[in-house]
Amino acid sequence: MDRAQTAPPAAAGQHRVVIVGGGFGGLTTARGLGGAEGIAVTLIDRRNHHLFQPLLYQVATAVIAPGEIAEPIRAILRWDRNVSVLMGEVVGVDTEGRTVRLRDGARVPYDTLVLATGATHSYFGHPEWERFAPGLKTLDDARRIRARVLLAFEAAEREDDPVARERLLTFAVIGGGPTGVEMAGAIAGLAHHALSQDFRRIDPKTARILLIEAAPRVLGTFTEDLSAYARQALERLGVTVLTEHAVEDVSEEGVTVAGKLIPAATIVWGAGVRASSAGEWLGVETTRAGHVPVGPDLAVIGRPGIYALGDLAMTKAEDGKPLPGLAQVADQQGRYLGRALRDRILHGKAPKPFRFRSRGNLAIIGHNSGVVQWDHVKLKGFPAWVVWGVAHVYLLVGFHNRLVVTLRWLWAYLSFQRGARLISERDEAVMALIRGTPPGRIPPP
């Protein structure tokens, strides 16, 4: 039996806007509607915090702490009195009855619905690989991967068998996009600098870091010269780059490519994403990756009063090419939709089509190296690293987070040290090691 709706009741005559998802798209839409008299906004998310996903890999490699890239949603929206926040998991939408269904049976009514539910990992028809090769989408993902990376060095310190030790010190990152490139470079920095003097029986600098990509080059969305520079920068860091190597299998033993098993104790997935299941809730035809087609005003085609944005939506640039799943895209769409809904609901104005203004394509490779591509402007090396840092600090929510992350990066740059190298005792792999599991047989997360 369904429970009664749990959202605060709207005042008589107020237009009810329900936003599902507290990422960049949903949050900026809510802030755009903040303070609008006549509109009651309810933002629903299954977590209580907004997360800056582009920096999750730095949590996973102990550069920064989890709380430095997350901010409570209620704190962000505290001054927008017409905006309410509900912590709950949406499992469906009743488009006829105009309600959103939560897992606990509650229903939240809406007049206008905004879906900003993001994306999840795609394992290309092999969901069983996720157990051995976790991706990076949540703080829990980052904590688990951080524990796995650090624990591999701890277990290697105890291991007497050279073959088992080599497996423990092999780290495989699957996917040569920005996430994979940044993750591989960060693990290399951790092994070659932050941990290099901390062990007595092993030399962390002997760790083998692999970046595996099925395409002919890494950073395929960048120009060929920037892609070549990124590969060279990774190789200078000690990363082995395997392009044109499609993954055939992933198991507890390691990764199989070109018919050969590469033993690896730590595997990170960064090869693909798939939109959330929101398209199924609406009963609309989606792309193969689950994206929901929307019109130029971000309205879901064939579903009046429903909008989609961010990683969920299939939106196109002026040249007809699909927009990438980047934070800057979702941020701009949320800002646009907040204004557009305000004008449509309160003033009856039809909005102009959404237009994306690129702030550049960016990726960081190592300690002071990066690549930036912005229209006809291209940067690489230290200048690109600086631009990348400024852009990411700008997108962080909250002055405190911006200040702390900036200081953390400055300290890491000057000292080569990592300040968040903690392994939680709650991690199952840690407990298994403490209780006597052979070091070379750390169970998967």
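Checking side-chain atoms of Y123 against main-chain N and O of A271 turns up no donor-acceptor pair under 3.5 Å. At distances below 3.5 Å, not a single donor-acceptor pair connects side-chain atoms of D80 with backbone N or O atoms of N82. S196 places a side-chain N or O within 3.5 Å of a backbone atom of H193 that can act as its donor or acceptor partner. Of the possible polar contacts, none joining the H50 side chain to the L27 backbone as a donor-acceptor pair under 3.5 Å is found. R47 places no side-chain N or O within donor-acceptor distance of the main-chain N or O of T138, the cut-off being under 3.5 Å.
A heavy-atom distance below 4.5 Å is not found between the side chains of Q328 and F24. Side chains of V247 and I212 form a contact here, defined as non-hydrogen atoms less than 4.5 Å apart. Between L226 and K380 the shortest side-chain heavy-atom distance falls below 4.5 Å. Residues D311 and V329 form no side-chain contact, since every pair of their non-hydrogen atoms from C-beta on lies 4.5 Å or further apart. Within the 4.5 Å cutoff, no side-chain heavy atoms of L211 are placed close to those of T240. Side-chain contact between I365 and Y229 is present, with heavy atoms from C-beta onward closer than 4.5 Å. Contact of the L115 side chain with the I306 side chain is registered, since non-hydrogen atoms from C-beta on lie closer than 4.5 Å. At least one side-chain heavy atom of T170 sits less than 4.5 Å from a side-chain heavy atom of L210.
For F356, there are no ring-ring contact (aromatic ring centres under 6.0 Å, His included) partners two or more places apart in sequence or in a different chain.
Around the CD atom of E157, the shell of radius 6.0 Å holds more than 12 heavy atoms that belong to other residues, nucleotides or ligands. The number of heavy atoms from other shown groups lying within 6.0 Å of CD (E89) is above 12. Within 6.0 Å of atom CZ in R355, more than 12 heavy atoms from other residues, nucleotides or ligands are found, so the atom counts as buried in its surroundings. Environment of CZ in R217: crowded, with over 12 heavy atoms of neighbouring residues, nucleotides or ligands closer than 6.0 Å.
Salt bridge absent: E159 and R165 never bring a charged side-chain N and a carboxylate O closer than 4.0 Å. The pair D225-K378 counts as a salt bridge, with a side-chain nitrogen and a carboxylate oxygen less than 4.0 angstrom apart. A salt bridge does not link R146 to D141: none of the charged side-chain nitrogens sits closer than 4.0 Å to a carboxylate oxygen. Between E235 and R231 there is a salt bridge, with a side-chain nitrogen of the basic residue lying less than 4.0 Å from a carboxylate oxygen of the acidic one.
Of the inter-residue distances, the one linking H121 atom NE2 with W269 atom CH2 reads 10.5 Å to the nearest 0.5 angstrom. Atom CD1 of I69 and atom CG of L139 lie 5.5 Å apart (nearest 0.5 Å). A distance of 13.5 Å separates CZ of F52 from CD of E71, quoted to the nearest 0.5 Å. For the atom pair CG of L309 and OG1 of T117, the computed distance is 9.0 Å after rounding to the nearest 0.5 Å. In this structure, S251 OG and E128 CD are separated by 10.5 Å, a value rounded to the nearest 0.5 Å. Here the straight-line distance linking atom CG of L219 with atom CG of N361 works out to 8.0 Å at 0.5 Å rounding.
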With salt bridge (Lys or Arg N to Asp or Glu O under 4.0 Å) as the criterion, how do E248 and K260 come out once you've worked through the C-alpha distance, each side chain's angles and the decisive distance to 0.1 Å? CA-CA 9 Å; E248 298 168 359; K260 180 181 178 180; over 6 Å; no
Go through the steps to decide whether V294 and Y307 satisfy the test side-chain contact (heavy atoms from CB on, under 4.5 Å), and finish with yes or no. CA-CA 8 Å; V294 298; Y307 298 81; over 6 Å; no
Please lay out, stage by stage, how R74 and D45 fare under the test salt bridge (Lys or Arg N to Asp or Glu O under 4.0 Å). CA-CA 11 Å; R74 293 184 185 277; D45 197 288; over 6 Å; no
Check the pair Y110, V17 against side-chain contact (heavy atoms from CB on, under 4.5 Å), reporting the backbone distance first and the verdict last. CA-CA 6 Å; Y110 68 85; V17 177; over 6 Å; no
Derivation and outcome, side-chain contact (heavy atoms from CB on, under 4.5 Å), residues V241 and V218: CA-CA 9 Å; V241 181; V218 298; 3.8 Å; yes
Under the side-chain contact (heavy atoms from CB on, under 4.5 Å) criterion, do L150 and L190 qualify, and how do the steps go? CA-CA 9 Å; L150 296 175; L190 180 69; 4.2 Å; yes
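Minimum interatomic distance between A133 and V250 (heavy atoms only, all atoms of both residues): CB-CG1, 4.0 Å. For the pair L169 and F153, the tightest heavy-atom approach, listed with the atom from each and the gap, is CD2-CD2, 3.7 Å. Contact record, S276 with L312: OG-CD1, 3.8 Å, taken as the closest heavy-atom pair. Among all heavy-atom pairs drawn from A152 and L168, the shortest one is CB-O, 3.4 Å. Closest approach of E318 to R357, counting heavy atoms only: OE2-NH1, 3.4 Å. Between L237 and H192, the shortest heavy-atom contact is O-CE1, 2.7 Å.
The list of side-chain hydrogen bond (donor to acceptor under 3.5 Å, both in side chains) pairs with a residue in residues 199-215, not counting sequence neighbours, reads D160-R201.
Residue V85 forms a side chain to side chain contact (heavy atoms under 4.5 Å, CB included) with just one option from I19, L77, V41, and that option is L77. Among V108, V18, V300, the one residue that satisfies the side chain to side chain contact (heavy atoms under 4.5 Å, CB included) test with L113 is V18. Between Q373 and the choices T223, L379, T221, the side chain to side chain contact (heavy atoms under 4.5 Å, CB included) rule is met once, by T223.
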Could you go through residues 173-187 and list every donor-acceptor pair under 3.5 Å that involves a side-chain atom there, pairing it with any protein atom two or more places apart or in another chain?
residue : atom : partner : partner atom : Å
E182    : OE2  : I364    : N            : 3.1
E182    : OE2  : W388    : NE1          : 3.4

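Taking the six-membered ring where the residue is Trp, W129 and H126 present parallel rings, their angle staying beneath 30° rather than reaching 60°.
Counted by atom type alone, Y336 and T29 present zero donor-acceptor pairs between their side chains at under 3.5 Å.
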